[in-house]
Chemist: 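Quick one: the structure is below, and I'll ask about it shortly.
What you see is a predicted model, and the numbers here were worked out from it, not measured in a lab.
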There are 2 protein chains.
Amino acid sequence: MFFRPSRIMVSIMSTPENVASHAAVRMEDVAKRAGVALGTVSNVLNQPQKVSQKTIDKVVLAIDELGFVPNRAARALAAGTSNTIGMVIADLSNSFFVDMARGAERLASESGINVVLANTDMRRSKQAANLNLFRQERMAGILLAPLPGADPTLLTSNATPLVFLNDAAIVGACTVSVDNEHGGYLAASHLLGLGRRRLLFAGDPDQAVPIADRYRGVERAVAEVAGATLELARTPEVQAENGRELGIELTQRASVDRPDGIVASADLLALGLVQIFGADPSIRIPEDIAITGYDNNRAAWDSLIPITTIDQPGEQIGAVAAELLLDEIRFPETHRHVHSVLQPSLVVRASTRRP
Amino acid sequence: MFFRPSRIMVSIMSTPENVASHAAVRMEDVAKRAGVALGTVSNVLNQPQKVSQKTIDKVVLAIDELGFVPNRAARALAAGTSNTIGMVIADLSNSFFVDMARGAERLASESGINVVLANTDMRRSKQAANLNLFRQERMAGILLAPLPGADPTLLTSNATPLVFLNDAAIVGACTVSVDNEHGGYLAASHLLGLGRRRLLFAGDPDQAVPIADRYRGVERAVAEVAGATLELARTPEVQAENGRELGIELTQRASVDRPDGIVASADLLALGLVQIFGADPSIRIPEDIAITGYDNNRAAWDSLIPITTIDQPGEQIGAVAAELLLDEIRFPETHRHVHSVLQPSLVVRASTRRP
DNA sequence: ATGATGAATTGAAGCGCTCCAAATAGTTGC
DNA sequence: GCAACTATTTGGAGCGCTTCAATTCATCAT
């Protein structure tokens with residue numbers, strides 16, 4: 001009943017392993033084998049500088065012979081602390097978050113700290129469960145890339161050090177986020193610098209805080225240039241499909257009423273626009289309409305006309321967050337919470353400027 | 001020196017938390033507070049059916065008042081086993097693997113088991129390190145989506161139950177993989193069923209075992225249909241760029257020499273082809289050339305002409321693997337290793353058949 | 001009431017490791 | 001050769017929790 005084979009399945013049975021279960025090799029066994037005290041084995045593993053080379057060799061040999069694998073549960077219990085940190089990620093399907101994980105991992109490993117991940121999968125209940133799990137595991141610290149609009153109270157009140165990624169709206173903890181307003185400003189300034197004056201922003205600022213921030217940046221850039229205008233085209237979502245719908249709408253306008261520069265609030269949205277305009281011989285990209293995306297997705301790369309975009313420094317976010325967390329772990333008394341805001345950068349491709 | 005702020009950073013200092021560090025709430029404290037014995041608290045947590053409702057209430061109240069968080073390290077040590085399983089993933093940037101993680105998680109959570117992830121990031125050394133970490137943590141079991149061509153010896157020899165995902169070439173452990181040969185067969189049969197007779201396979205079978213398998217499936221399908229021919233176009237990689245290069249090459253052929261059906265060994269490759277053919281008014285998709293991809297990536301969805309593709313059952317792989325692992329964990333003596341092979345499925349879109 | 005029976009609770013023995021005071025071995029200077 | 005140190009090694013006391021035999025409580029038939 002429990003083991004229900006999947007519908008279609010070729011099964012080849014093999015005999016169960018009859019290896020002697022070495023489930024029971026403990027440090028004590030190693031000590032005995034090496035002819036030293038238990039504490040010495042522990043020292044070889046954790047403070048080798050306190051042990052003579054001769055003894056180290058004996059112990060290492062015994063460890064190999066016995067296939068000893070230290071028990072971290074016991075270690076964590078005795079030492080009162082683990083050397084792995086847990087990272088709770090809102091959505092692993094989003095490469096932005098995976099980049100953060102990579103950055104955090106890289107930095108942590110420089111200090112010999114491991115990082116394990118838990119996927120929230122966009123579900124609030126899983127976020128809480130994962131957070132709990134890591135706290136119960138007595139992880140040295142937690143990195144949290146929260147769901148948008150998550151309850152800060154629930155998350156902050158605890159003894160385990162915790163830093164927030166991609167969310168600046170938390171007090172009482174370190175946060176690392178990226179300046180979306182500046183990203184919008186960068187994209188718009190780029191278009192304006194190319195001589196575009198009739199800009200259009202695609203996306204709904206009321207739909208998400210980051211998009212609202214981007215929109216504000218665009219507004220600011222436009223306000224700085226005399227004669228520049230800005231139109232807002234709200235889209236229900238930011239998928240390629242929405243971009244195509246908007247694109248079709250724009251192709252039906254008289255060309256003088258069309259924008260000559262579009263800031264899309266996401267790469268997929270930009271992709272949809274490029275697909276439609278690219279298929280219309282009367283519209284040239286970037287001569288007639290220049291388009292920028294946002295996020296530096298694969299989609300932007302893989303478009304027939306590669307899309308200019310705003311790159312979010314995911315790895316850097318992860319690394320800075322790990323750095324802050326390690327500081328809090330190591331120096332709990334002197335640690336001060338920091339709100340770090342990183343800057344996105346413009347990646348110019350063919351959708352705004354001919355190569 | 002340690003805390004090196006990133007180049008650009010706005011910092012807002014806040015006072016360190018002066019919350020009473022409740023780092024020290026133990027089960028014993030809860031017991032005292034509730035006026036019961038230590039063991040009773042443990043029972044409330046693990047065997048509530050053995051405890052009277054009145055006592056449960058008292059204990060739960062005390063837990064809340066004290067903010068007690070059970071220590072899993074101690075639990076794992078005392079119980080000799082954890083209830084979380086570790087999953088080591090070759091490449092989290094690949095959504096196929098993320099799907100597997102999601103499937104494993106879903107199934108495990110049905111049994112109250114947690115899943116934590118570690119990203120190998122395509123590096124062999126990290127794969128070994130992560131595996132070690134999980135074994136040291138005494139995870140209940142390990143799910144491994146290994147790097148291609150990984151050393152089976154290193155991986156198998158251990159006491160912790162371990163099942164391999166997306167890799168059938170391992171003996172002495174359960175494996176769950178997908179039938180690439182059948183996938184290739186499906187794609188080719190689809191095209192042949194649409195009346196196509198001059199097929200072309202895009203991709204290099206010598207580059208990876210799965211691609212070779214897919215190619216064999218295509219060959220088999222072609223062999224079954226009289227008059228059908230198959231051409232092999234080797235591409236150095238399977239990116240959109242390679243698809244475009246091949247596409248350009250094909251547009252330069254006389255139309256009678258062109259294939260009327262293309263099986264691309266990956267979606268991005270198909271995307272590149274569709275981009276080129278779509279921009280050439282003399283070639284209609286799918287009338288002149290029908291194209292299939294492989295993997296069911298976002299890229300296939302988001303293409304201007306959505307691409308027919310082969311969907312790999314990532315979630316199912318994860319779920320079946322978790323199921324096998326749980327069986328091995330629960331019934332170590334009766335467990336038999338199983339090699340489960342799942343079937344991919346065809347997803348028809350506009351690149352082969354007009355909607 | 002009384003003993004019997006089962007349910008609820010208790011309390012202590014570990015789980016495997018780290019940490020540290022104490023004991024021992026090894027060195028150096030005179 | 002001996003005191004004075006320093007470098008190693010030792011062994012035992014926990015870390016916080018699960019387990020389980022033993023004990024106490026509650027019920028019920030007699």
Chemist: Mind running side-chain contact (heavy atoms from CB on, under 4.5 Å) on Leu325(A) and Ile142(A) for me, showing each step along the way?
Modeler: CA-CA 8 Å; Leu325(A) 185 62; Ile142(A) 298 178; 5.8 Å; no
Chemist: Output the rounded distance in Å from CD (Gln49(A)) to P (dA7(D)).
Modeler: 12 Å
Chemist: In whole Å, what is the span from the CZ atom of Arg72(B) to the P atom of dG16(C)?
Modeler: 19 Å
Chemist: Respond yes when some side-chain nitrogen or oxygen of Ser42(B) is under 4.0 Å from OP1 or OP2 of dC17(D), and no when none is.
Modeler: no
Chemist: Send over the distance from Ile63(B) CD1 to dG16(D) P, rounded to a whole Å.
Modeler: 16 Å
Chemist: Just to be sure I understand the rule, does Val36(A) reach a base, reach only the sugar-phosphate, or reach nothing, if contact means heavy atoms closer than 4.0 Å?
Modeler: sugar-phosphate
Chemist: Report all interatomic pairs (protein N or O, nucleotide N or O of nucleotides 13-15 of chain C) with separations under 3.5 Å.
Modeler:
residue, atom, partner, partner atom, Å
dC15(C), O2, Ala78(B), N, 3.3

Chemist: Round to a whole Å and report the spacing from CD of Gln136(B) to P of dC17(C).
Modeler: 10 Å
Chemist: Nearest-Å distance, CD (Gln47(B)) to P (dT10(C))?
Modeler: 16 Å
Chemist: Could you list the residues that satisfy side-chain hydrogen bond (donor to acceptor under 3.5 Å, both in side chains) with Arg33(A), not counting sequence neighbours?
Modeler: Glu65(A)
Chemist: Answer with base, sugar-phosphate or nothing: what part of the nucleic acid does Gly80(B) contact at a heavy-atom distance below 4.0 Å?
Modeler: nothing
Chemist: Tell me which one of Asn166(B), Ile170(B), Leu144(B), Leu165(B) satisfies side chain to side chain contact (heavy atoms under 4.5 Å, CB included) with Thr175(B).
Modeler: Ile170(B)
Chemist: Given atom CZ of Arg75(A) and atom P of dG16(D), what is their separation to the nearest angstrom?
Modeler: 16 Å
Chemist: Can you name the nearest heavy-atom pair linking Asp167(B) to Pro146(B), along with the distance?
Modeler: OD2-CG, 3.5 Å
Chemist: Salt bridge check: are Asp29(A) and Arg26(A) linked by an N-O gap of less than 4.0 Å?
Modeler: yes
Chemist: Will you find, in the side chains of Arg138(A) and Thr160(A), an N or O donor that is under 3.5 Å from an N or O acceptor?
Modeler: no
Chemist: If every non-hydrogen atom of Phe97(B) is compared with every non-hydrogen atom of Asp91(B), which pair is closest and at what distance?
Modeler: CD1-O, 3.2 Å
Chemist: Hey, can you pull the residues of residues 51-62 of chain A with a non-hydrogen atom under 4.0 angstrom from DNA chain D?
Modeler: Val51(A), Ser52(A), Thr55(A)
Chemist: Please state how far atom CG in Asn43(B) lies from atom P in dC20(D), giving the value in whole angstrom units.
Modeler: 11 Å
Chemist: Testing the 3.5 Å rule here: is there a donor-acceptor pair between the side chains of Gln53(A) and Asp57(A)?
Modeler: yes
Chemist: For His339(B) versus Val171(B), what's the shortest heavy-atom pair and its separation?
Modeler: CE1-CA, 4.4 Å
Chemist: Mind calculating the distance between CZ (Phe68(A)) and P (dG16(C)) to the nearest angstrom?
Modeler: 10 Å
